[in-house]
Amino acid sequence: MKVTFLGTGTSQGIPVIGSTHPVCLSNNPKDKRLRVSVMVEWEDSTFVIDCGPDFRQQMLRANPEKIDALLFTHEHADHTAGLDDIRPFCFKQGELPIYAHQRVIEQLKIRFEYVFATENRYPGAPTVAINIIENKPFTINNLPIIPIDSLHYKLQVFGFRFDKFAYLTDIKTITKTELDKLKNLEVLVINALREKEHISHLNLEQALEIINIIKPKKAYLTHISHLLGFHDEVQQKLPKNVFLAYDQLEITI
Ligand SMILES: [Zn+2]
Ligand SMILES: [Zn+2]
């Protein structure tokens, strides 16, 4: 399995438009973060989790030949706003299978009415095949995927476990039942926004606490704000099996 970090930034990305914060002015490519997304290549299937406003740029740089499924964690714009740019895949493959909670599909129908319209469709509009997921295991191309349910302040979000790899973003609280689904992982990806407390995101300390409970072999932090600091400085402070993810990082599991 190969995992490519397409984007590792929080909702505004890094640099933040107009910001003079030193991290936003950094020349280190590891301090430049597009909106959060990840591509998982497993057996012959390619999965992309979330489709934010940087999706086009992310697909140009990762350049997958096809996408077998697009999975959504939740409906926030930094995870969904790029949906129009799936069109090149639709033109090549036909309807693109999307997987999300029922509530997220309803939100997408409001935000992208023309994508889901059944009458008077514009011929170039994106086409999708809707797959509603609940908090129970499902398969795509016979590959088993386990949803992980958690809360982003009061909003339900899904993370996903693919074999020995799990991806959790935009979580703030998670129950013991859901943590129990994350045993024996090679790699856990989890969100860590910044050092200071935040109402809907784990901060660094809280992310490290969850990593310590789950005990994956390795953990990577994502959905990072410029306020967390410079990549190279933050990395030095982390435990030896915890890494700050960065855009275009590829890992093999
Ligand atoms: Zn987000
Ligand atoms: Zn969010």
Side-chain angles (χ1 to χ4, degrees), residues 3-17 19 21 23-24 31-40 47-59 70-86 98-112 133 135 147-160 166-175 178 188-204 206-207 210 219-229 231 234 244-249:
V3 174
T4 305
F5 288 86
L6 301 172
T8 57
T10 187
S11 56
Q12 296 184 84
I14 307 178
V16 172
I17 295 171
S19 170
H21 187 283
V23 173
C24 292
D31 287 321
K32 306 216 178 289
R33 301 181 185 276
L34 298 181
R35 265 59 71 88
V36 79
S37 179
V38 77
M39 179 168 76
V40 179
F47 305 118
V48 173
I49 304 180
D50 291 329
C51 182
D54 299 316
F55 178 77
R56 176 177 178 273
Q57 192 180 345
Q58 291 165 333
M59 290 300 103
L70 184 55
L71 294 88
F72 288 98
T73 57
H74 65 302
E75 63 269 46
H76 282 162
D78 54 322
H79 300 254
T80 56
L83 189 62
D84 191 68
D85 282 319
I86 62 171
I98 62 170
Y99 289 75
H101 189 285
Q102 169 95 52
R103 181 199 77 245
V104 174
I105 298 289
E106 296 312 320
Q107 281 293 318
L108 291 174
K109 284 182 180 175
I110 295 167
R111 297 175 195 193
F112 296 91
I133 50 178
N135 189 17
I148 312 294
D149 198 59
S150 56
L151 285 177
H152 182 28
Y153 183 46
K154 291 180 182 171
L155 184 71
Q156 181 275 343
V157 296
F158 275 139
F160 300 100
Y167 182 81
L168 305 178
T169 191
D170 293 60
I171 82 164
K172 174 66 177 180
T173 48
I174 182 164
T175 63
E178 298 303 303
L188 170 71
V189 178
I190 190 165
N191 57 300
L193 187 71
R194 61 187 191 193
E195 287 192 9
K196 224 175 107 195
E197 176 74 21
H198 188 277
I199 189 167
S200 60
H201 290 273
L202 297 171
N203 65 12
L204 178 60
Q206 293 157 347
I210 293 182
Y220 290 83
L221 306 176
T222 194
H223 210 290
I224 292 157
S225 160
H226 62 289
L227 300 173
L228 186 61
H231 171 279
V234 176
L244 207 53
Y246 54 87
D247 286 24
Q248 296 185 281
L249 169 65

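If you're wondering where the values come from, they're calculated on a predicted model, not measured in any experiment. Every number for a ligand or one of its atoms is a count from 1 in the order of the listing.
- Closer than 2.8 Å to the Zn ion (ligand 2) sit the protein N, O or S atoms H74 NE2, H76 ND1, H152 NE2, D170 OD2.
- Taking F112 as the reference, nothing meets the ring-ring contact (aromatic ring centres under 6.0 Å, His included) condition, with sequence neighbours excluded.
- Every ring-ring contact (aromatic ring centres under 6.0 Å, His included) that H226 has, sequence neighbours left out, goes to H21.
- Electrostatic pairing of R35 and D54 counts as a salt bridge here, judged by a charged N lying under 4.0 Å from a carboxylate O.
- Of the listed residues (Q206, H152, H201), just one forms a side chain to side chain donor-acceptor pair (under 3.5 Å) with K172, and that residue is Q206.
- In terms of the ring-ring contact (aromatic ring centres under 6.0 Å, His included) criterion, F160 has no residue partners (sequence neighbours excluded).
- The line from CZ of F72 to CD1 of I133 is 10.5 Å long, rounded to the nearest 0.5 Å.
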